[in-house]
Amino acid sequence: MSNYHIKNLEEYFTVYRKSVRYPETFWDEIAEEHFMWRKKWDEVLSWDFSKPEITWFKGAKLNITENCIDRHLRIRGDKTAILFEPNDPSEKAEHITYQQLHDRVCQFANVLKEKGVKKGDRVCIYVPMIPELAISLLACARIGAIHSVVFAGFSSNALATRINDSDCKIVITADGSFRGKKTIDLKGIVDKALETCEGVKTVLVAKRIEADITMKEGRDEWLQPLLNNAATTCEPEIMDAEDPLFILYTSGSTGKPKGMVHTTAGYMIGSAFTFKNVFQYRENDVYWCTADIGWITGHSYIVYGPLANGATTVMFEGVPSYPDWGRFWEIVEKHKVNQFYTAPTAIRALAKQNIAFVEKYDLSSLKVLGTVGEPINEEAWHWYDENIGHKKSPITDTWWQTETGSIMIAAIPYVTPTIPTFATLPLPGIQPALMDADGNELKGNQVDGRLCIKFPWPSMARTIWGNHQRYKDTYFSSFENMYFTGDGAMRDSVGYYRITGRVDDVVIVSGHNLGTAPIEDAINEHPAVAESVIVGFPHEVKGNALYGYITLKEAGESRNQDNLRKEINQLITDRIGPIAKLDKIQFTDGLPKTRSGKIMRRILRKIASNETDSLGDTSTLLNPEVVEDIIKNAL
Ligand code: PRX
């Protein structure tokens, strides 16, 4: 018997020890008993972090949609697979059963085939949170196409970069999207992006907001009529375990976004196993993750993980503040949600509202609460625990990354005792290590260092699309024989992990991972700007916000600084998206540099965070006087 569903702490420790001592046996048993294979594997694992090359379940054949849909049809055909809750509460929620999901995925898959999409082709998906989004991922997987979902809040420029990087020939989108009171012209954004994407020959458009959009002859087609004419069965493409399932872009601390490549079997097992344990999902529970499918959280914990377990997964189109700040709780009551998974930034925003928005609703269905994306502060943790969980629902603070594919460190509810702000213990199969600056592993407890993982796990990304060297440099070159996460962490006296934040130039803003370099590149395009540095600083709701230090080409630039600030933020919105806008922009005559010309970001970070009494020695700088000046004019 495999230990697929852990039920108490003693079992956790037994299973964890086994997963470290005999990792291959551990994963082999889970794969064998809980998934559907067309052919079993020849070898569970082979790995070499120095190349890096990792393969799981080599030789196995499968299709992930058979695991997420077909195998449930016999016993769960009429069960709701996806429960779609629209933006407008007066619009009826849609219950898509496993049988209906099967039929709609097959129809969509047939449309893709008709448009010439084949195994291994990349399909860009730029669709809001409507059922077609989840269905399009699964339709790609059905025929072995590699989906590349781009969050539908990204700008045309960011979309174009991603389309071109993975050479997508087809884009799936919608006429627009609803976000609370607003509508967004998604198709317009796609049209603009495609001005620089010559490879895209086909655009399929889902109808959502009934907007009057332009359709380019020979390129754009409405999706619905094509779906109506397509057959509701489609033989799944039989994939190798290591065939890519999808690409998902994440920010890097330098350069263009990294297209993380996830493969079929390992990703399926990782997302399914963690879903079952971290949410303690039981048949007939209703599970809701509030993330967008445009992020890894939505891939793993709205689509693949829940469906692989035959769960009912809620998909919410709207925002927590519409029509008012009670919306999340109204949905919990309405659908009797049992597991609720959201981001600390949302919790902080909700906690600032009148408590009447919470008290109005019956939240007694809740059994498990989750958080993801950034460290949760103690105050937000207690608010969540007291007002939403009524101190009865354990909170699982889940640490993981786009690169890891599934949750790595998290409490198993009702199993692992929780402590606010601690992600607690690694899940079975995950072997964390904390490293000091010299590359030594810090053994024992009560240590603080850089968080690495020292043994492969099935759902880890295998490469960066088109740039394996960058994959090696970013993740496997800082510490020998280790995957480096980019995060700092401490291990307390009982072995619990607390994530302390990024140790590189990535800033987590409202749970979104933003590299500072691409934002600086965007700012530097402004004709008045000479140089810019972006750092994060603590923000009450967003966790972190962005602070920009900017020098202008003409010192004492006569233009109105407020106008310049607006122009700079507009440039960032155009190049990346509104999520990357700066909260504070300080114009300065110089930036602190070392004698070799390197900008001292550490000092700027401290100033932005108002920690000027711990700047350290600045006398060795090339230009120590600018520090005083920057502090004096800090915002
Ligand atoms: O810094 C960590 C933070 O988010 C980063 C990963 O971001 P992304 O790839 O966008 O994936 C987010 C959703 C999985 C991590 O390197 N992070 C994520 N979860 C937590 C966290 N920091 C602290 N606690 C968490 N629970």
Side-chain angles (χ1 to χ4, degrees), residues 149-151 153-154 246-253 257-262 267 270-271 274-275 278 289-302 304-305 341-348 369-378 380-381 384 395-411 416 418-427 430 432 450-453 459-461 464 474-475 478 483-490 496-516 536 538 542-544 577 579-580:
V149 182
V150 178
F151 170 58
F154 273 125
F246 66 85
I247 301 169
L248 187 60
Y249 286 87
T250 184
S251 311
S253 48
K258 299 171 287 191
M260 304 312 306
V261 178
H262 282 283
Y267 174 79
S271 58
T274 52
F275 173 78
V278 175
C289 164
T290 70
D292 192 291
I293 292 176
W295 311 111
I296 191 70
T297 306
H299 279 58
S300 302
Y301 299 109
I302 296 178
Y304 290 110
Y341 190 31
T342 196
T345 187
I347 298 168
R348 288 189 294 264
L369 302 177
T371 70
V372 58
E374 55 185 315
I376 179 162
N377 51 307
E378 211 156 332
W381 195 98
Y384 200 28
I395 297 175
T396 176
D397 173 356
T398 66
W399 174 82
W400 60 297
Q401 309 179 294
T402 305
E403 295 86 337
T404 68
S406 58
I407 298 169
M408 304 288 277
I409 304 180
T416 322
T418 57
I419 303 181
T421 78
F422 281 78
T424 75
L425 297 170
L427 293 179
I430 307 305
R450 283 160 192 240
L451 178 61
C452 290
I453 313 290
S459 67
M460 66 191 293
I464 291 174
T474 311
Y475 304 107
S478 306
Y483 165 84
F484 175 45
T485 64
D487 282 322
M490 61 95 97
Y496 271 23
Y497 288 86
R498 176 190 197 163
I499 312 302
T500 49
R502 300 291 308 189
V503 293
D504 55 10
D505 292 323
V506 169
V507 185
I508 314 275
V509 178
S510 300
H512 301 311
N513 196 335
L514 297 173
T516 51
K542 302 188 210 181
N544 294 295
I579 49 175

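As the structure lists them, so they are numbered: ligands from 1, and atoms in each ligand from 1.
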**OP:** Would you check, one step at a time, whether the test side-chain hydrogen bond (donor to acceptor under 3.5 Å, both in side chains) holds for Tyr384 with Thr342?
**Re:** CA-CA 11 Å; Tyr384 200 28; Thr342 196; 5.9 Å; no

**OP:** Among all protein heavy atoms, pick out the one at the shortest distance from atom 5 (C) of ligand 1; state its residue, atom name and that distance to 0.1 Å.
**Re:** Ile508 CD1, 3.7 Å

Original post:
Can you tell me the protein heavy atom closest to atom 1 (O) of ligand 1 and the distance?
Top reply: Asp487 OD1, 2.6 Å

**OP:** Check ligand 1 against Asp397 and write out every atom of the ligand that is under 4.0 Å from a heavy-atom position of the residue.
**Re:** 24 (N), 25 (C), 26 (N)

**OP:** Before giving the answer on side chain to side chain contact (heavy atoms under 4.5 Å, CB included), spell out for Cys289 and Thr297 the whole-Å C-alpha distance, their side-chain angles and the decisive distance to 0.1 Å.
**Re:** CA-CA 8 Å; Cys289 164; Thr297 306; 3.8 Å; yes

**OP:** For atom 13 (C) of ligand 1, find the nearest protein heavy atom and state the residue, atom name and distance (0.1 Å precision).
**Re:** Thr297 OG1, 3.4 Å

**OP:** Report, in ascending order of atom number, the atoms of ligand 1 lying under 4.0 Å from any heavy atom of Val372.
**Re:** 13 (C), 14 (C)

**OP:** Using distance alone, determine whether Thr485 and ligand 1 share an N or O pair under 3.5 Å.
**Re:** no

Original post:
Do Tyr304 and His262 have side-chain heavy atoms sitting under 4.5 Å apart?
Top reply: no

Original post:
Among protein heavy atoms, which lies nearest atom 20 (C) of ligand 1, and at what distance?
Top reply: Glu374 N, 3.5 Å

**OP:** May I ask you to list the atoms of ligand 1 that are less than 4.0 angstrom from any heavy atom of Thr398?
**Re:** 19 (N), 20 (C), 25 (C), 26 (N)

Subject >> Polar contact flag for Thr371 and ligand 1 (N/O pairs, less than 3.5 Å) >> reply: no

Subject >> Separation between NE2 of His299 and CG of Asp292, rounded to the nearest 0.5 Å >> reply: 10.0 Å

**OP:** Take every heavy atom of Gly373, measure it against each atom of ligand 1, and state whether any distance is under 4.0 Å.
**Re:** yes

Original post:
Side chain, backbone, both or neither: which part of Arg502 comes within less than 4.0 Å of ligand 1 when only heavy atoms are counted?
Top reply: side chain

Original post:
Which protein non-hydrogen atom lies closest to atom 23 (C) of ligand 1, naming both residue and atom, and how far is it?
Top reply: Pro375 N, 3.1 Å

Subject >> Reference residue Ser300; test side chain to side chain donor-acceptor pair (under 3.5 Å); the match among Trp295, Trp400, Tyr267 >> reply: Tyr267

Original post:
Quick one: nearest non-hydrogen protein atom to atom 9 (O) of ligand 1, plus distance?
Top reply: Thr402 OG1, 2.6 Å

**OP:** Answer with side chain, backbone, both or neither: which part of Val506 has a heavy atom less than 4.0 angstrom from an atom of ligand 1?
**Re:** neither

**OP:** Just jot down the side-chain hydrogen bond (donor to acceptor under 3.5 Å, both in side chains) partners of Asn513, sequence neighbours excluded, or say none.
**Re:** none

Original post:
Do Thr398 and Tyr341 have a side chain donor and acceptor closer than 3.5 Å?
Top reply: yes

Original post:
Quick one: ring pair (Phe, Tyr, Trp, His ring centres under 6.0 Å) partners of Tyr496, sequence neighbours excluded?
Top reply: none

Original post:
Heavy-atom distance to atom 14 (C) of ligand 1: which of Trp399, Tyr301, Trp400 wins?
Top reply: Trp400

Subject >> Distance-minimising heavy-atom pair for Thr485 and Leu451 >> reply: OG1-O, 2.6 Å

Original post:
Considering only protein heavy atoms, which is closest to atom 7 (O) of ligand 1, and at what distance to one decimal place?
Top reply: Asn513 ND2, 3.0 Å

Original post:
Going by atom types only, do Trp399 and Asp487 share a side-chain donor-acceptor pair under 3.5 Å?
Top reply: yes

